[in-house]
*Asks:* 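One structure follows; several queries about it will come next.
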Amino acid sequence: MFARDALSYDPIPLPDRADLTDAEMLAAAQAFHAVMLRRHTVRDYSDRPVERAVIESCVRTAGTAPSGANHQPWHFAAVSDAGLKQRIREEAEEEERRFYAGGAGDEWIKALEPIGTNADKPHLTVAPWLIVVFAQRWGQFEDGSRYKNYYVPESVNIATGFLLAALHHAGLCALTHTPNPMRFLNDALSRPASEKPTMIIAVGHPAEDATVPAVAKLKKPLEEISSFF
């Protein structure tokens, strides 16, 4: 999207402006909080399909996130193909077995006990979509030469948060999954060496008998997560 001869500063008037009263702002903030309180990380999915257009719209929302120098250093690979999901599951579970067999260390494994996870990842094939998030360490001009991306982890993390909120807003459930290492995803999804996979997001509808760990409902109160000066 960048060309060497089109890097000049060109300001335009602010195209969108909110004009809410103080009371309307508070109501809007509280309403959004109420919506997000209903977001749950789900590991039990139904096989009910989700239209591609819904996923596309959510990814478009992620693409509106702010980023370092506006380089937008992300790529979202959305997978619905059953064979490809099976390949991703098999390779992810191979990494997970090493993780739970000692690669993670005792303290980490102990911390995961209340969550109830293990090396089996059926959600990777049952959920109708997997969205693999890639961070682009560098980009390319139209002539193929490289340019550096800035604040890549921060930018990709913000965009991923936008994506999770958009999926929830659309009535879908999601699970963030981070097998380590994840380089196999570059090969599986034909992504270049300039991109680093950061997570797999399983997306779909919850199974009728879906559960969540009770500990997941315990959130730190405002006074523990914030300071006001």
Side-chain angles (χ1 to χ4, degrees), residues 34-63 74-101 104 112-135 156-157 159-191 195 197-217:
V35 169
M36 296 307 291
L37 278 175
R38 300 180 64 184
R39 188 209 63 80
H40 303 293
T41 296
V42 170
R43 289 176 171 79
D44 308 307
Y45 289 87
S46 77
D47 58 2
R48 175 184 167 188
V50 174
E51 290 187 8
R52 172 174 167 168
V54 176
I55 302 301
E56 288 179 346
S57 185
C58 292
V59 171
R60 285 192 184 98
T61 297
W74 46 64
H75 183 88
F76 301 93
V79 181
S80 63
D81 179 80
L84 190 49
K85 288 195 297 177
Q86 181 65 36
R87 175 182 173 182
I88 291 173
R89 176 180 175 179
E90 290 173 359
E91 297 200 48
E93 287 183 334
E94 183 177 342
E95 300 296 346
E96 291 293 284
R97 283 190 288 271
R98 283 193 281 266
F99 177 89
Y100 283 94
L112 289 172
E113 286 183 5
I115 306 299
T117 59
N118 56 44
D120 297 325
K121 307 298 177 184
H123 56 268
L124 294 177
T125 47
V126 178
W129 287 92
L130 303 179
I131 302 176
V132 182
V133 183
F134 289 89
V156 174
N157 290 344
T160 302
F162 274 39
L163 176 60
L164 293 173
L167 292 167
H168 174 64
H169 187 68
L172 297 170
C173 291
L175 170 67
T176 56
H177 176 50
T178 53
N180 185 34
M182 290 188 276
R183 181 56 62 183
F184 69 88
L185 291 166
N186 289 72
D187 295 334
L189 300 173
S190 301
R191 300 309 305 166
E195 296 182 0
T198 64
M199 71 178 62
I200 305 168
I201 305 174
V203 179
H205 297 280
E208 289 294 328
D209 59 351
T211 63
V212 297
V215 70
K217 295 298 296 177

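From a predicted model like this one, the values you see are computed outputs, not experimental measurements.
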*Asks:* Taking side-chain contact (heavy atoms from CB on, under 4.5 Å) as the test, write out the residues that go with Asp44, two or more places apart.
*Replies:*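 Applying side-chain contact (heavy atoms from CB on, under 4.5 Å) to Asp44 gives Ala207, Ala210, Thr211.
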*Asks:* Do the non-hydrogen side-chain atoms of Ile115 and Arg43 ever get within less than 4.5 Å of each other?
*Replies:*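 They are in contact (side-chain heavy atoms under 4.5 Å apart), so the answer is yes.
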*Asks:* For residues 178-190, run the donor-acceptor check on the side chains, cut-off 3.5 Å, and write out each pair with its distance to 0.1 Å, sequence neighbours left out.
*Replies:*
from, atom 1, to, atom 2, distance (Å)
Arg183, NH1, Asn186, OD1, 3.1
Arg183, NH1, Glu195, O, 3.3
Asn186, ND2, Pro192, O, 3.1
Asn186, ND2, Glu195, O, 2.9

*Asks:* If you look at every heavy atom in Tyr45 and Leu175, which pair is closest and at what distance?
*Replies:*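 Tyr45 and Leu175 have their closest heavy atoms at OH-N, 3.2 Å.
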*Asks:* Who passes salt bridge (Lys or Arg N to Asp or Glu O under 4.0 Å) against Glu51, sequence neighbours left out?
*Replies:*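 Per chain and number, Glu51 pairs via salt bridge (Lys or Arg N to Asp or Glu O under 4.0 Å) with no residue.
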*Asks:* For a quick test of reading the model, state the closest non-hydrogen atom pair linking Asn118 to Asp120 and the distance between them.
*Replies:*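 Heavy-atom minimum between the residues: OD1-N, 2.8 Å.
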*Asks:* Could you work out, with side-chain contact (heavy atoms from CB on, under 4.5 Å) as the rule, every residue matching Pro49, not counting sequence neighbours?
*Replies:*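 Applying side-chain contact (heavy atoms from CB on, under 4.5 Å) to Pro49 gives none.
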*Asks:* Quick one: side-chain hydrogen bond (donor to acceptor under 3.5 Å, both in side chains) partners of Arg48, sequence neighbours excluded?
*Replies:*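 In terms of side-chain hydrogen bond (donor to acceptor under 3.5 Å, both in side chains), with neighbours along the sequence ignored, Arg48 is linked to His205.
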*Asks:* Among all residues two or more places apart in sequence or in another chain, which pass the side-chain contact (heavy atoms from CB on, under 4.5 Å) test with Ala216?
*Replies:*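 Ala216: side-chain contact (heavy atoms from CB on, under 4.5 Å) contacts with Pro213.
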*Asks:* In a check of side-chain contact (heavy atoms from CB on, under 4.5 Å) between Cys173 and each of Leu167, Val42, Val203, Val212, which one passes?
*Replies:*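 Output: one option passes, namely Val42.
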*Asks:* Quick one: ring pair (Phe, Tyr, Trp, His ring centres under 6.0 Å) partners of His177, sequence neighbours excluded?
*Replies:*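 For His177, the residues satisfying ring pair (Phe, Tyr, Trp, His ring centres under 6.0 Å) (neighbours in sequence not counted) are His123.
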*Asks:* According to ring pair (Phe, Tyr, Trp, His ring centres under 6.0 Å), who are the partners of Phe162, at least two apart in sequence or on a separate chain?
*Replies:*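 Phe162 satisfies ring pair (Phe, Tyr, Trp, His ring centres under 6.0 Å) with no residue once adjacent residues are dropped.
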*Asks:* Would you check if Glu95 and Glu91 make a side-chain contact, meaning some heavy-atom pair closer than 4.5 Å?
*Replies:*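 No, side chains not in contact.
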*Asks:* I'd like to check the side-chain contact (heavy atoms from CB on, under 4.5 Å) partners of Thr176; sequence neighbours left out, ordered by chain and number.
*Replies:*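 With sequence neighbours excluded, Thr176 shows a side-chain contact (heavy atoms from CB on, under 4.5 Å) to Leu164, Met199, Ile201, given in chain and number order.
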*Asks:* Anything under 3.5 Å between a donor and an acceptor, one on a side chain of residues 76-86, the other on a protein residue two or more places apart or in another chain? List them.
*Replies:*
from, atom 1, to, atom 2, distance (Å)
Asp81, OD2, Gly83, N, 3.2
Asp81, OD2, Leu84, N, 2.8
Lys85, NZ, Thr125, O, 3.2
Lys85, NZ, Ala127, O, 2.6
Gln86, NE2, Glu90, OE2, 3.0

*Asks:* Could you tell me which non-hydrogen atom of Trp74 sits nearest to which non-hydrogen atom of Ala159, and how far apart they are?
*Replies:*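 Distance-wise, the nearest heavy atoms are CE3-CB, 3.5 Å.
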*Asks:* Identify every side-chain donor-acceptor pair in residues 52-61 under 3.5 Å, counting partners at least two apart or on other chains, and give the distances.
*Replies:*
from, atom 1, to, atom 2, distance (Å)
Arg52, NE, Glu56, OE2, 2.7
Arg52, NH2, Glu56, OE2, 3.4
Thr61, OG1, Ser57, O, 3.3

*Asks:* Side-chain atoms of residues 34-41: list all donor-acceptor pairs with protein atoms under 3.5 Å, sequence neighbours left out, distances to 0.1 Å.
*Replies:*
from, atom 1, to, atom 2, distance (Å)
Arg39, NH1, Thr41, OG1, 3.2

